[in-house]
Amino acid sequence: MDSNRTISISCTINETLISRKIAPNQTLCDFLHDEIGTTGVKKGCDTGECGACTVLFDGKPVTSCLVLAPQIDGHKITTIEGLGKEKLHPVQEVFIAFDASQCGYCIPGMIMTASAIANENPNPTEEQIKRYLSGNLCRCTGYQQQIEAVKAALIKLARGT
Amino acid sequence: MQEATLDRRQPRIELSRTDALEKVTGKIKYTTDMIEQEALYLRVVRSSLPHAIIKHVDVSQAVKIDGVERVLTAKDVPGANEVGFFIQDQPLFCDSKVRFVGDAIAMVVADSPEAAELGVQEVKIDYEQLPGIFDPQLALQNGAIQIHETGNLLDHHFVKKGDILEGFRKADMIVKGTYKTPIQEQAYLETEAALAYPTADGITVVGSMQCPFAVEKAVKLVLGKAVPNVRIIEAPTGGAFGGKEDAPDEVCARAALAAYYTKKPALLAFSRKESIIFHPKRHPMTIQREMGLTKDGKVTAVKANLTLDGGAYASLSSRVLFQAVCLVTGPYDVPNVDVDGLVAYTNNVPMGAFRGFGKPQALYAAELQMDEAAAQLGMDPVEFRLKNILRVGSTTATGQLLRNSVGLEECVLKAAEASSWKQKRKSSSSQDTRRHGIGMACMIHPTSLGPLGMDIGSATVEIEDASVTVRTGMTEYGQGLYTGFVRIVKQVLGLTETEVKINMPDTRTTLDSGPTVASRGTVMGGKALFMAAQQLKQKMANVASQILSSPVDDLIFENDSIRSTNSRKSIEFKRLTEECRRRGIELKEDAWNRATGINWDKEKGQGTPWVSYSWAAHVAEVEIDTETGKVDVLNYIAAHDSGTVLVPTQFKSQIFGGVVQGLGYALMEELILDKGRILNPSFLDYYIPTAADIPKITPILVEAPDDHGPFGAKGIGEPPIEPVAAAIGNAVYNALGFPIREFPYTPERVRMAIAER
Amino acid sequence: MKPFQYLAPIARFDYAVPNDMTELLNILHEYGSDAKIISGGTDLTIALKQRLIKPKIIVDLNHIRGELSGISVENDSLKIGATTTYTEIERDQHINRYAQALSQAASQVGTFQIRNLGTIGANLANGSPAADSAPPLIALSAKIKLRSKQGERIIPIEDFFTGVKKTVLCPDEIITVIEIPIKNKTSSSWMRFAKRNENVISVVSVAVACEINQGTFGESRISLGAVAPTPILAKESSFKLIGKTISPETIEAAATAAKNECRPISDVRGSAEYRRHLVYVLSKRTISQAANGTR
């Protein structure tokens with residue numbers, strides 16, 4: 001890789017400042033997984049439909065396979081590894097309690113999306129929750145337990161528990 | 001020592017899934033997450049034509065690319081160039097001809113992703129195109145071009161019972177129909193992957209898979225004598241549904257081959273598009289079915305002809321055909337049966353195992369026809385079913401006497417009640433452009449592999465320090481099998497706090513328990529585990545008996561301790577293990593569980609193919625927008641008898657997941673093939689349900705235990721998907737007033753059917 | 001090991017992050033069609049991964065997003081910056097008040113994640129016949145501002161599209177603002193049909209903007225998406241509304257005209273015949289909804 005084809009970026013990933021030169025011709029998903037090593041970011045389709053690669057970009061869920069790595073310069077990225085570092089995030093707790101994971105491959109992406117719902121709307125209807133989650137495909141669970149888990153998480157978050 | 005039992009009156013133990021914490025924190029590592037390992041990158045070069053002779057494969061330009069280490073083809077296979085699962089009909093690398101779009105011809109081995117991509121582009125293949133066959137009925141015609149030297153007929157199975165002509169003579173009316181079922185893509189979120197690396201004495205492959213011992217066999221066959229030791233390890237697997245039953249054989253063999261040649265680790269993984277293009281899928285079927293019935297609603301005869309599209313290679317086709325043929329009569333008592341089924345090769349993508357394995361298709365034909373018959377009789381479909389369902393004491397279509405464990409009636413009654421069947425069926429209403437409908441479908445599902453092969457489960461239980469370790473050859477890929485295993489061990493040994501660990505399969509250290517398919521994980525693997533735990537308990541009880549001065553039969557294993565009801569003395573489980581060790585007793589037990597009593601008479605088309613059956617009744621409630629044809633599912637009830645339920649939450653999770661996968665199959669999943677080419681190999685245009693597409697699903701647990709499984713369990717992996725398309729089909733039939741005998745019930749299909757009337 | 005990069009290697013390119021418009025326009029002027037702009041990026045990254053495009057340079061609007069985003073009302077005109085995301089559009093109070101059809105469409109584009117990322121400028125520049133933002137903009141008589149080093153031009157949105165994935169945008173031009181005239185008596189609505197409820201490309205979409213004058217349609221525009229090589233203004237259909245009483249007969253006539261005006265193809269998402277039928281059904285429903293002034 002020619003050094004004049006790398007680009008300098010400075011950003012925060014899971015609250016750690018990252019400053020380095022990177023190759024611009026890679027998606028954020030690939031960069032996070034292969035170079036930063038946050039392998040919790042998954043690849044299910046590479047076309048933005050399945051949501052397995054979802055991370056938070058300045059707190060908002062995005063499908064990282066649709067973002068080029070250098071676009072994160074000056075921004076804040078959170079992956080599943082950055083959620084619940086000291087203790088589990090309420091969404092993680094409820095996903096265990098409600099048996100919302102089966103094979104687990106969609107789960108990090110699903111949890112990242114779910115973790116951001118409260119910021120969008122602290123009191124959504126079931127229909128609205130389903131809409132929020134519809135960008136995260138799951139083939140194992142049929143979604144019902146995941147939706148119940150999200151409802152419980154929203155209650156926990158509202159109560160500050 | 002008496003065998004442990006599960007007392008239904010005991011409070012249900014709810015266990016968290018064994019790996020839930022690793023999954024929600026993202027710590028669990030699937031094959032492509034093992035990034036610390038440096039590896040070469042492998043890319044398969046695939047046929048762009050559905051049927052052609054390979055005249056020449058030119059890799060000379062590809063090997064010149066900087067970073068390409070080598071390009072492997074058929075001549076580089078040291079052992080056998082073969083990966084067929086049962087029949088040796090599928091080459092690892094095609095050398096004489098290609099038989100489907102996506103057939104593998106060569107493999108580029110490179111040290112960078114970019115070099116691998118360029119390498120693929122530079123491999124040049126000269127083809128002589130042959131006419132392609134994409135319809136199994138055409139494949140079976142005289143004069144059709146032969147796809148394999150053995151001919152286009154892949155297999156043939158039949159079932160005959162009673163006297164079919166007599167059966168129809170006795171009938172007051174006959175219902176006939178032709179039913180068509182589509183292809184379906186498994187669409188697991190994690191695509192196939194294998195990482196192979198050389199070790200001091202051989203090659204190890206880690207990968208996403210359902211059948212590690214089948215993979216071991218396949219890799220050994222391909223490597224031949226060149227590699228003395230092959231070790232296969234199942235990595236955490238992101239979904240399978242049958243799609244990873246045989247495909248991992250070819251994936252792991254290719255990775256192993258690259259590791260063998262380069263003496264370096266090698267990774268083979270796939271984009272979504274490539275995954276969809278190559279792995280085997282659900283068999284499309286055309287089923288002609290005819291049913292005779294008396295005017296008071298007794299079925300007297302069923303005759304059926306099934307034609308299956310087997311695709312380019314056999315995969316699991318023979319066994320899928322067998323199940324469909326045996327079960328197309330549905331879960332009903334039919335005295336006279338004549339079923340004939342054929343599966344043909346075509347130049348489509350291979351068809352193989354997918355959750356349900358022939359039963360979703362067979363039940364679709366059976367259940368829709370049951371409703372058509374009920375309509376002709378002027379009888380309610382539930383009432384009609386109750387007159388004909390199999391019960392304890394019935395004989396199946398293959399002549400098997402059902403001695404126990406038939407919870408179907410309870411499933412039907414409970415599903416009907418929970419769905420407010422009577423009331424909703426009467427008022428199948430219509431408001432301007434919306435029509436409501438409700439439909440039921442029942443299911444029969446056999447447990448164990450069937451008569452075409454041996455079915456043996458196995459397990460090892462060992463106590464290391466103070467915790468229990470289970471070594472199993474059965475794979476976990478999201479079904480929650482291992483949580484059930486924890487439950488079994490804890491129940492047998494009376495443990496609550498003591499840790500029970502389940503080790504994933506490693507052919508070096510686990511016994512071969514057969515493939516994790518056919519919903520046999522709990523019954524065959526779990527029963528073996530039960531037996532091994534019982535054996536261990538017996539050993540420990542003998543020692544405890546001495547220590548507590550008590551007869552063995554007076555000992556109770558409970559709450560991590562063993563106590564005597566006789567002498568009132570007790571000892572902690574942990575201490576007992578230390579005592580055993582002190583006495584030189586090895587705390588390790590293996591057990592094998594073989595399916596017995598299975599037989600099949602090929603000449604007669606009769607026999608006892610399976611050890612036990614699960615049952616279900618589903619009810620779907622739909623609303624159809626008649627202007628657009630869109631079918632919305634308002635409500636869904638799924639009543640299941642899969643014997644004793646070991647972990648209720650997970651049992652229900654399987655039901656939710658299976659039903660939704662079935663809703664996709666019934667309503668929106670359409671893989672479009674045009675002369676063998678898949679036009680929509682991506683999630684962009686192949687629609688699986690999202691969270692916004694699901695109705696409320698209510699699972700109902702009916703438990704009719706059967707001793708073949710641990711504590712009476714029967715297996716819930718596949719059953720939830722099997723009746724869904726039929727339930728939707730019947731609900732649509734009720735809403736519109738006429739049946740649509742093919743699916744998916746996409747808006748366009750439904751709208752066209754309405755417009756044509 | 002780089003297992004994810006291995007699954008979709010992207011060819012190399014240079015990467016520029018201009019600090020102001022002048023710098024941006026200079027780069028575009030210099031590179032022309034060898035340059036690709038990334039703002040929302042959703043279509044661009046897919047095209048890069050599939051190796052459909054091989055740009056020499058990619059230009060990131062990260063530093064000048066501020067200049068190009070934002071929604072404001074000025075002189076009876078609703079201005080939407082090109083780098084405004086769908087989530088921002090969906091939520092904006094002005095859009096919800098004066099351009100309901102656009103807010104409805106924005107709420108259904110792609111997925112929650114894509115709406116946070118995708119921008120209206122990128123969506124329009126991509127020129128897909130199924131671009132969800134286009135029919136509402138056409139119905140609302142929007143104009144689009146294009147800028148290059150040479151200067152600026154402003155074009156009615158229905159003239160922006162010239163063919164499948166083709167627009168009048170020159171290689172050295174960038175979309176800066178979309179302007180929608182505000183008319184107090186205009187009510188607008190949008191509907192689409194797709195093969196599942198969410199996370200799906202529209203099979204057919206219809207947008208209607210109409211002035212309601214005491215039971216009569218005033219100025220009205222109907223626009224159709226995914227049923228022609230470009231999103232279209234259905235002129236015949238629109239004329240069938242203008243000046244007519246709001247009644248089922250009027251709506252029926254307009255819907256029938258729309259059905260005849262569209263030129264859909266048959267593809268994996270639907271046959272031409274079915275799409276024509278859906279245009280009829282959706283037009284009826286969307287016009288009714290707009291006429292009722294309801295969402």
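Here is the naming used below: chain letters follow the sequence lines, and residue numbers restart at 1 for every chain.
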Does any backbone or side-chain atom of [X] lie under 4.5 Å from a heavy atom of chain C? Answer side chain, backbone, both or neither.
| X | answer |
| --- | --- |
| B:Asp625 | side chain |
| B:Leu195 | side chain |
| B:Ser112 | neither |
| B:Glu669 | neither |
| B:Asp685 | side chain |
| B:Leu268 | both |

Chain C interface, residue from B:Glu670, B:Met668, B:Gln37 that has the most non-hydrogen pairs under 4.5 Å: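 Heavy-atom pairs under 4.5 Å are most numerous for B:Gln37.
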Check for a donor-acceptor pair, side chain of [X] on one end and backbone N or O of [Y] on the other, with a separation under 3.5 Å.
| X | Y | value |
| --- | --- | --- |
| B:Glu748 | C:Gly270 | no |
| C:Asn199 | B:Thr690 | no |
| C:Arg196 | B:Tyr687 | no |

Considering all heavy atoms, the nearest C:Pro9-B:Pro113 contact: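 Answer, listing the atom of C:Pro9 first, then B:Pro113: CG-O, 3.7 Å.
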C:Pro3 to B:Thr32 - nearest heavy-atom pair and separation: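 The answer is CG-O, 3.1 Å.
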CD on B:Glu627 to NE2 on C:His277, rounded to 0.5 Å: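 CD of B:Glu627 is found 6.0 Å from NE2 of C:His277.
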Nearest-0.5 Å distance that lies between atom OH in C:Tyr6 and atom CG in B:Leu42: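 C:Tyr6 OH to B:Leu42 CG: 5.5 Å, rounded to 0.5 Å.
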Quick check on [X] against chain B: is it the side chain, the backbone, both or neither that has a heavy atom closer than 4.5 Å?
| X | answer |
| --- | --- |
| C:Lys49 | neither |
| C:Arg275 | neither |
| C:Tyr274 | both |
| C:Ile201 | both |
| C:Val281 | side chain |

Side-chain heavy-atom pair C:Glu273, B:Arg751 within 4.5 angstrom cut-off: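 They are not in side-chain contact.
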Salt bridge (Lys or Arg N to Asp or Glu O under 4.0 Å) between C:Arg12 and B:Glu114, intermediate numbers included: CA-CA 10 Å; C:Arg12 291 180 194 164; B:Glu114 189 65 31; over 6 Å; no
